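Note that this is a predicted model, so its numbers are computed, not measured. Just so we're on the same page: letters track the sequence lines, and every chain starts at 1.
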Number of protein chains: 2
Amino acid sequence: MPADPLSAKFSALADPTRRAILARLCEGEATVNDLAEPFDMSLPAVSKHLKVLEKAGLISRGREAQWRPARLEPMGLKGVADWLEHYRRYWDASFDRLDAYLKQIQKGDPDGREH
Amino acid sequence: MPADPLSAKFSALADPTRRAILARLCEGEATVNDLAEPFDMSLPAVSKHLKVLEKAGLISRGREAQWRPARLEPMGLKGVADWLEHYRRYWDASFDRLDAYLKQIQKGDPDGREH
DNA sequence: GTCCTATTTAACCAAGCGGTTGACAGCGGC
DNA sequence: GCCGCTGTCAACCGCTTGGTTAAATAGGAC
């Protein structure tokens with residue numbers, strides 16, 4: 001893990017291929033070949049993606065004969081979730097306002113003149 | 001917003017400077033000069049960071065005379081939170097196991113032989 | 001108009017990223 | 001030992017990123 005784990009995690013997640021790999025790993029362990037199968041991409045490319053995910057602490061890898069299965073690292077995303085949690089109140093509040101507005105419309109007050 | 005909003009958001013968040021800017025904007029609107037003040041960085045650099053955040057839908061900007069104040073876009077992070085939510089059960093489960101293990105230790109069963 | 005402040009644009013640069021191909025290493029089967 | 005499979009390493013390439021400086025734009029004050 002680098003000096004700034006949070007940046008590493010966000011950066012790792014900023015790629016659709018890597019997010020798809022994570023989604024696939026929710027179903028259980030997988031080899032590099034398994035993971036590469038859905039993508040139009042060479043094996044070394046997938047291997048690099050796995051290394052990024054591993055360095056970010058989002059997956060871990062085992063060794064069974066010539067296979068190096070990858071698995072989800074369950075606590076990996078917790079740091080991201082904790083960071084996000086500080087901001088939850090902003091979109092919650094915003095959603096509440098939107099919700100109130102929609103209820104106002106239903107009452108036949110589309111301009112929100114009531115407030 | 002680009003073709004892949006989620007990637008744009010994660011990518012925008014993968015920079016400590018930009019996360020610090022978001023944190024600062026929690027306290028309210030701020031001008032580019034305000035935002036640049038804590039950083040050892042030129043103004044155009046901050047301006048670029050703001051553009052990244054804006055394109056990711058995490059902030060929006062106004063126009064008041066020659067100032068272009070930035071403010072938090074409340075719903076901006078919701079997409080990220082929704083994506084993360086799918087994975088919550090993984091770290092929750094992991095935490096529960098850790099919790100159970102700690103309780104086991106307290107009971108004087110450090111090797112977890114009970115299970 | 002002229003000056004001052006706030007901010008963006010343009011051009012540039014070094015470093016990193018995402019991909020490729022080709023060679024190499026680990027391991028089981030024969 | 002040798003083949004075949006799985007995976008990584010190394011070198012390379014084009015594009016993006018995060019920063020710089022210098023010049024341009026926008027708007028208020030005078």
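- The distance from atom CG of B:Asp4 to atom P of C:dG18 is 13 Å, rounded to the nearest whole Å.
- A:Ile59 is not listed as a side-chain neighbour of A:Arg18, based on a closest heavy-atom distance of 4.5 Å or more.
- Within 4.0 Å (heavy atoms only), B:Lys51 reaches sugar-phosphate atoms of the nucleic acid but no base atom.
- Counting non-hydrogen atoms under 4.0 angstrom, A:Arg61 reaches the backbone sugars and phosphates but no base.
- Among the heavy atoms of the strands lying under 4.0 Å from B:Ser42 is at least one base atom, whether or not backbone atoms are also near.
- Using a 4.0 Å cut-off, no side-chain N or O of A:Arg68 falls inside it from OP1 or OP2 of C:dG26.
- Aromatic ring pairs are classed by plane angle as parallel below 30°, tilted from 30° to 60° and perpendicular above 60°; the pair A:Trp83 and A:Phe10 is perpendicular.
- Chain B approaches DNA chain D within less than 4.0 angstrom (heavy atoms of the protein), and the contacting nucleotides run 5' to 3' from D:dG18 to D:dG28.
- At least one side-chain heavy atom of B:Leu58 sits less than 4.5 Å from a side-chain heavy atom of B:Lys9.
- The nearest whole Å value for the distance from the NZ atom in B:Lys48 to the C1' atom in C:dA6 is 18 Å.
- The separation between A:Leu43 atom CG and C:dA25 atom C1' is 15 Å, rounded to whole Å.
- Look at CD on B:Glu54: it is 13 Å from C1' on C:dT7, rounded to the nearest Å.
- Annotation for B:Pro74 and A:Trp91: closest pair O-CB, 3.1 Å, computed over non-hydrogen atoms.
- Take the nearest nucleotide of DNA chain C for A:Ser11 and for A:Ala65: the residue whose nucleotide is more 5' is A:Ser11.
- Between A:Leu13 atom CG and B:Ser11 atom OG the span is 11.0 Å, to the nearest 0.5 Å.
- The shortest distance between side-chain heavy atoms of A:Arg24 and A:Glu37 does not fall below 4.5 Å.
- Minimum atom distance to the side chain of A:Pro44 is reached by C:dG22, of the listed C:dT8, C:dT5, C:dG22.
- The distance from atom CD1 of B:Ile21 to atom CG of B:Leu35, rounded to the nearest 0.5 Å, is 5.5 Å.
- Put simply, CE on A:Met41 is 10 Å from P on C:dG18, counting in whole angstrom units.
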